[in-house]
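Per chain, numbering begins at 1; letters A, B, ... match sequence-line order.
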Protein chains: 2
Amino acid sequence: MADDDLVFKALADPTRRMLLDALFERDGQTQSELEGVVTARVEMTRFGVAKHLRLLEEAGLVVIRKEGRSKHHFLNAVPIRAIHDRWIGKYTAARAAALLDLKRALEEEP
Amino acid sequence: MADDDLVFKALADPTRRMLLDALFERDGQTQSELEGVVTARVEMTRFGVAKHLRLLEEAGLVVIRKEGRSKHHFLNAVPIRAIHDRWIGKYTAARAAALLDLKRALEEEP
DNA sequence: TTGACAGGTGACCAAAAGGTCACTTAATGT
DNA sequence: ACATTAAGTGACCTTTTGGTCACCTGTCAA
């Protein structure tokens with residue numbers, strides 16, 4: 001399976017996005033901790049959460065470090081940045097900046 | 001259905017990403033033109049392509065303008081930028097960009 | 001060393017998504 | 001007026017995905 005396909009498919013599920021949000025807020029959480037985060041919000045067994053975490057890891061969106069009998073998860077932002085760069089080009093960026101400058105100039109008028 | 005859910009689900013399919021790529025390269029193409037782009041690469045009927053375009057539109061990733069009997073499609077980058085901002089903070093942004101540049105540079109080596 | 005804790009496996013089921021088809025609508029050119 | 005072109009609809013089938021369960025493995029502490 002293509003690399004970017006794994007990333008996009010991983011992002012397609014709300015539970016997995018919830019997990020990324022949790023890691024963005026506090027990086028390095030264990031699987032048990034993340035299970036707690038999810039089950040506090042939606043009904044799901046630990047198996048479901050574990051499955052989601054594995055998909056995120058396979059996609060490269062989180063990287064794991066095993067420590068004793070626990071498993072710590074870390075958010076990896078690089079694939080997200082790649083998505084941004086894919087469809088937002090130099091031209092688009094320049095135009096967005098120009099529009100923003102115009103907006104600021106108009107707001108400063110008396 | 002939540003707004004961001006539509007966006008992520010829309011991005012989860014390779015055909016739809018192909019369509020976004022096509023519009024990124026040349027904006028404002030009609031449905032027939034985009035059908036040509038897709039069927040030149042994968043086997044799919046016009047119905048399949050039309051369905052994909054409708055999902056992209058419902059997600060707000062493309063905006064359409066009807067003109068006579070044709071329908072022109074335009075790429076909207078705003079939801080993409082929102083994805084970026086969700087998981088990449090100010091500190092992380094610089095590092096993620098640098099890592100991506102490095103990765104690309106390495107991949108271009110002979 | 002025994003029990004509790006953190007996590008893994010493979011089979012299985014239900015729901016959602018991708019795709020096609022017969023048929024329809026509406027605008028255009030000759 | 002009529003054939004042609006661009007696109008829409010709803011039913012239908014197949015594959016993928018999300019989720020659970022019974023059971024297994026390794027780690028730590030009393």
Looking at C:dG7, C:dG19, D:dT20, which one has an atom nearest to any side-chain atom of B:T15? C:dG19
Choosing from D:dG18, C:dG18, D:dT17, which nucleotide comes nearest the side chain of A:K9? D:dT17
Value in whole Å for how far the C1' atom of C:dG8 lies from CD of A:E58: 13 Å
For atom CG of A:D5 and atom C1' of D:dT15, their distance in whole Å: 15 Å
Within-4.5 Å side-chain heavy-atom neighbours: B:L11 and A:L11: no
Identify, between A:R46 and A:D13, the residue whose nearest nucleotide on DNA chain D lies closer to the 5' end. A:D13
Among residues 65-72 of chain B, which contact DNA chain C at a heavy-atom distance under 4.0 Å? B:G68, B:R69
Can you check whether A:L20 reaches A:V62 side chain to side chain, under 4.5 Å on heavy atoms? yes
Reference residue A:V49; test side-chain contact (heavy atoms from CB on, under 4.5 Å); the match among A:T15, A:V38, A:V37, A:V42: A:V38
Can you measure A:F8 atom CZ to D:dT17 atom P for me and round it to whole angstrom units? 15 Å
Assign B:L55 to base, sugar-phosphate, or nothing according to its heavy-atom contacts below 4.0 angstrom with the strands shown. sugar-phosphate
Which is true for B:R54 with a 4.0 Å heavy-atom rule: it touches a base, it touches only sugar-phosphate, or it touches nothing? nothing
Between C:dG8 (C1') and A:H73 (NE2): distance, integer Å: 12 Å
OP1 or OP2 of C:dG19 versus the side-chain N and O atoms of B:H52: is any pair under 4.0 Å? yes
Nearest-Å distance for atom pair CG/P, residues A:L11 and D:dG18: 12 Å
Contact between B:L53 and B:K71 at the side-chain level, heavy atoms closer than 4.5 Å - yes or no? no
Are A:D21 and B:R86 close enough that some pair of their side-chain heavy atoms sits under 4.5 Å apart? yes
Closest non-hydrogen atom pair between A:D4 and B:R17, with its separation: OD2-NE, 3.7 Å
At a heavy-atom distance below 4.0 Å, what parts of residues 17-39 of chain A sit against DNA chain C? A:T30, A:Q31, A:S32
Derivation and outcome, side-chain contact (heavy atoms from CB on, under 4.5 Å), residues A:L61 and A:L55: CA-CA 9 Å; A:L61 282 163; A:L55 289 195; over 6 Å; no
Salt-bridge contact A:D5-A:K9 (side-chain N to carboxylate O under 4.0 Å): yes
For the pair made of CD in B:E43 and C1' in C:dC21, what is the distance, rounded to whole Å? 16 Å
Rounded off to whole Å, could you give me the CE-to-C1' distance for the B:M44 and C:dA17 pair? 12 Å
Just by distance, no angles: are the side chains of A:R16 and A:H52 close enough, under 3.5 Å, to form a donor-acceptor pair? yes
Rounded to the nearest angstrom, tell me the gap between atom NZ in B:K51 and atom P in D:dA11. 12 Å
